[in-house]
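Convention: sequence-line order gives letters A, B, ...; per-chain numbering from 1. Please read these numbers as outputs of a predicted model, since none were measured by experiment. Heavy-atom basis, side chains included; hydrogens, waters and symmetry copies ignored.
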Number of protein chains: 2
Amino acid sequence: MITLTSAEENYLKAIYHLSDGGKKGVSTNDVSAEMKTKPASVSDMLRKLGEKDVIEYRKYYGLHITEEGKKLALQTIRKHRLWEVFLVEKLKFSWDEVNEVADELSHVKSKVLIQRLDEYLGFPKFDPHGDPIPDEYGDVRARPRQLLNELDLGSTGQIVAVKDSSPAFLRYLDKVGAYIGARIKVMDKTEFDGSVEILVDNKKSIFMSKDVAGNILVMV
Amino acid sequence: MITLTSAEENYLKAIYHLSDGGKKGVSTNDVSAEMKTKPASVSDMLRKLGEKDVIEYRKYYGLHITEEGKKLALQTIRKHRLWEVFLVEKLKFSWDEVNEVADELSHVKSKVLIQRLDEYLGFPKFDPHGDPIPDEYGDVRARPRQLLNELDLGSTGQIVAVKDSSPAFLRYLDKVGAYIGARIKVMDKTEFDGSVEILVDNKKSIFMSKDVAGNILVMV
DNA sequence: TTTATGATTTAGGGTAGGCTAAAAATAAAA
DNA sequence: TTTTATTTTTAGCCTACCCTAAATCATAAA
């Protein structure tokens with residue numbers, strides 16, 4: 001059984017994201033930028049991750065994540081996202097506050113803790129940013145998502161994510177009555193400026209500029 | 001502002017417990033036994049804790065915890081016990097499983113996390129073992145507690161702790177419908193065998209032998 | 001094809017927290 | 001009081017993870 005330290009887990013998670021799920025190769029400098037550590041430190045870490053067979057590492061030529069590496073990265077991502085759900089849904093953190101704390105929480109080493117947390121949260125499939133939560137075995141059930149401004153007139157869906165999760169944008173959404181999970185229907189589209197009128201939860205009608213709608217991901 | 005690493009926090013917490021709240025002196029070997037690390041490692045740590053003024057350390061003569069040290073230890077204890085409450089009440093861990101996991105959770109560095117957790121749990125005053133949870137400032141409001149079998153007929157209170165927290169005893173309590181936090185009233189006492197009849201949460205009446213009642217602490 | 005540039009790795013060092021083995025201080029026994 | 005036993009500390013080493021400075025490799029430009 002491969003075991004990773006917290007730092008190794010963090011690196012592997014970053015590498016997974018940089019690999020875009022497993023295709024592209026990744027350079028030392030890429031990882032250095034992502035992790036905010038010096039390239040020299042990265043080289044050393046890549047050697048270690050290579051020895052543990054979670055990446056395939058060729059000196060001077062970058063790396064590719066392995067199948068085993070993907071599996072472990074997804075397990076780390078799962079833990080991170082479950083804690084994010086907990087922080088936002090139960091402890092009322094806002095979306096932009098959770099990342100750092102969830103990172104620390106996700107390094108607590110207890111399998112049963114994560115199982116119970118998952119159960120307690122009602123087996124959520126998406127985190128507060130709308131990103132899918134892998135299951136225990138690393139399987140991700142990614143549902144098709146579309147930008148709100150690209151939906152056809154009359155189509156319905158559910159808000160599952162935002163691209164811009166800045167506090168200002170979140171405050172705006174809150175103000176107009178939109179939120180992750182809201183069921184929406186496109187009531188009207190104005191062609192010349194791209195703005196849309198949306199019915200939220202079959203109750204409230206709101207107007208959105210193209211810029212705003214283009215930051216909202218909807219599951220159709 | 002004094003900041004401690006996770007390891008230093010662990011040592012200080014152990015020292016606080018060994019000091020019995022702050023009176024007795026503590027030896028290197030005491031700490032070594034409690035922490036399950038070698039005396040040589042302890043010496044080194046004591047020097048560091050001494051430099052940070054959380055203990056008063058005299059080589060070869062042991063240590064005394066300082067006021068500052070007590071305050072920090074109580075903050076660590078607070079975090080630990082709040083997480084224990086969370087694990088038992090929300091994630092359905094049993095009392096004998098929580099210690100290790102709560103230890104790891106309690107090292108997550110976020111003040112607001114602990115505040116929100118406290119709020120979410122309803123500002124609990126006692127952990128699942130019945131030990132009091134210090135407030136933000138390290139104040140412990142230890143309320144008077146009595147053994148259930150010593151209560152007078154008709155008196156009311158709340159179960160706050162058990163002396164025997166063996167799985168068997170916990171299972172028994174669970175079965176009869178008693179739990180930490182339950183509001184109880186003494187409905188009847190049988191003098192010759194010391195058994196009692198208790199009304200739990202104004203709903204359910206249960207019988208207890210003297211032995212069982214003598215293991216339950218009640219806040220009156 | 002040689003050189004310059006930029007990316008990457010190596011070498012060596014720092015901190016934190018463990019360890020063992022040996023030295024030193026204290027306490028107990030003769 | 002001297003010797004022995006116990007406790008505690010020091011010295012030196014190890015792993016993990018980070019750093020800077022210097023060396024090395026790959027590649028794009030001349």
Side-chain angles (χ1 to χ4, degrees), chain A residues 1-15 18-19 24-65 69 72-73 76 100 103-104 106-109, chain B residues 1-15 18-19 24-65 69 72-73 76 100 103-104 106-109:
Chain A
M1 223 296 237
I2 301 172
T3 47
L4 303 177
T5 65
S6 295
E8 285 168 350
E9 270 188 6
N10 280 342
Y11 271 95
L12 188 59
K13 190 168 56 162
I15 286 167
L18 289 169
S19 312
K24 298 197 298 254
V26 176
S27 76
T28 299
N29 262 7
D30 292 344
V31 177
S32 164
E34 181 77 13
M35 292 297 295
K36 298 180 200 330
T37 53
K38 300 292 160 186
S41 311
V42 174
S43 283
D44 208 55
M45 182 56 87
L46 294 185
R47 189 185 44 72
K48 284 196 289 180
L49 292 177
E51 279 168 11
K52 293 195 176 183
D53 290 322
V54 295
I55 63 171
E56 208 180 295
Y57 173 49
R58 269 189 63 209
K59 275 191 204 174
Y60 296 104
Y61 286 91
L63 64 97
H64 287 263
I65 193 164
L72 289 175
T76 304
E100 204 186 337
D103 239 334
E104 285 194 67
S106 68
H107 291 126
V108 173
K109 306 238 169 315
Chain B
M1 222 300 238
I2 301 172
T3 47
L4 302 178
T5 65
S6 294
E8 285 169 348
E9 270 188 5
N10 279 343
Y11 271 96
L12 189 58
K13 191 168 57 160
I15 287 166
L18 289 169
S19 312
K24 298 198 298 256
V26 177
S27 75
T28 300
N29 264 4
D30 291 344
V31 178
S32 164
E34 183 77 12
M35 291 298 294
K36 298 182 201 326
T37 54
K38 299 292 159 184
S41 310
V42 174
S43 283
D44 210 53
M45 183 54 87
L46 294 185
R47 187 186 45 70
K48 284 196 285 182
L49 292 176
E51 279 167 12
K52 293 195 175 182
D53 290 322
V54 295
I55 63 171
E56 208 181 295
Y57 172 49
R58 270 188 62 209
K59 273 190 207 173
Y60 295 103
Y61 287 91
L63 63 97
H64 286 265
I65 193 164
L72 289 175
T76 304
E100 204 185 338
D103 239 335
E104 284 194 68
S106 68
H107 292 127
V108 173
K109 304 230 167 321

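At least one side-chain nitrogen or oxygen of Y11(A) sits closer than 4.0 Å to the OP1 or OP2 atom of dC18(D). For S43(A) and dT10(C), the shortest distance from a side-chain N or O to OP1 or OP2 is not below 4.0 Å. Listed pair T28(A) / dT9(C) meets the phosphate criterion, a side-chain N or O lying under 4.0 Å from OP1 or OP2. A sub-4.0 Å separation between OP1 or OP2 of dT15(C) and a side-chain N or O of K48(B) is absent. Put simply, S27(B) has no side-chain N or O that comes within less than 4.0 Å of OP1 or OP2 on dT7(D). Within the 4.0 Å cut-off from OP1 or OP2 of dT26(C), at least one side-chain nitrogen or oxygen of Y61(B) is found.
With a 4.5 Å cut-off on side-chain heavy atoms, V54(B) and I15(B) do not count as touching. Counting only heavy atoms from C-beta outward, the side chains of K48(B) and K52(B) never approach each other to under 4.5 Å.
Classification of E9(B) and K13(B) as a salt-bridged pair fails, no side-chain N sitting under 4.0 Å from a carboxylate O.
Listed for the K36(B) side chain is no donor-acceptor partner under 3.5 Å among the backbone atoms of E34(B). With hydrogens and angles disregarded, a donor-acceptor distance shorter than 3.5 Å links the side chain of S32(A) to the backbone of T37(A).
Rounding to whole angstrom units, CG of residue D44(B) and C1' of dT9(D) are separated by 10 Å. Atom CD in E8(B) sits about 10 Å away from atom P in dG18(C), given to the nearest Å. Distance, L49(A) CG to dA16(D) C1': 13 Å, rounded to whole Å. Rounded to whole Å, atom P of dC25(D) lies 14 Å from atom CZ of R58(A). Spacing between atom OH of Y60(B) and atom C1' of dT10(D) amounts to 8 Å, rounded to whole angstrom units. If you take CZ of R47(B) and C1' of dG17(C), they are 12 Å apart, rounded to a whole angstrom. Separating the CE atom of M45(B) from the P atom of dT15(C) is a distance of 15 Å, rounded to the nearest angstrom. Going from atom CG of L46(B) over to atom P of dT7(D) covers 16 Å, rounded to whole Å.
Only P39(B), A40(B), listed by number, bring a heavy atom of residues 34-42 of chain B to less than 4.0 angstrom from any atom of DNA chain D.
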inquiry  = With side chain to side chain contact (heavy atoms under 4.5 Å, CB included) as the criterion, how do Y11(B) and V42(B) come out once you've worked through the C-alpha distance, each side chain's angles and the decisive distance to 0.1 Å?
reply    = CA-CA 9 Å; Y11(B) 271 96; V42(B) 174; 4.1 Å; yes
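Shown here for L12(B) and A73(B), the closest heavy-atom pair between the two residues is CD2-N, 3.9 Å.
Nearest nucleotide to the N29(B) side chain, out of dT24(D), dG17(C), dT7(D): dT7(D).
Take the nearest nucleotide of DNA chain D for K59(A) and for A7(A): the residue whose nucleotide is more 5' is A7(A).
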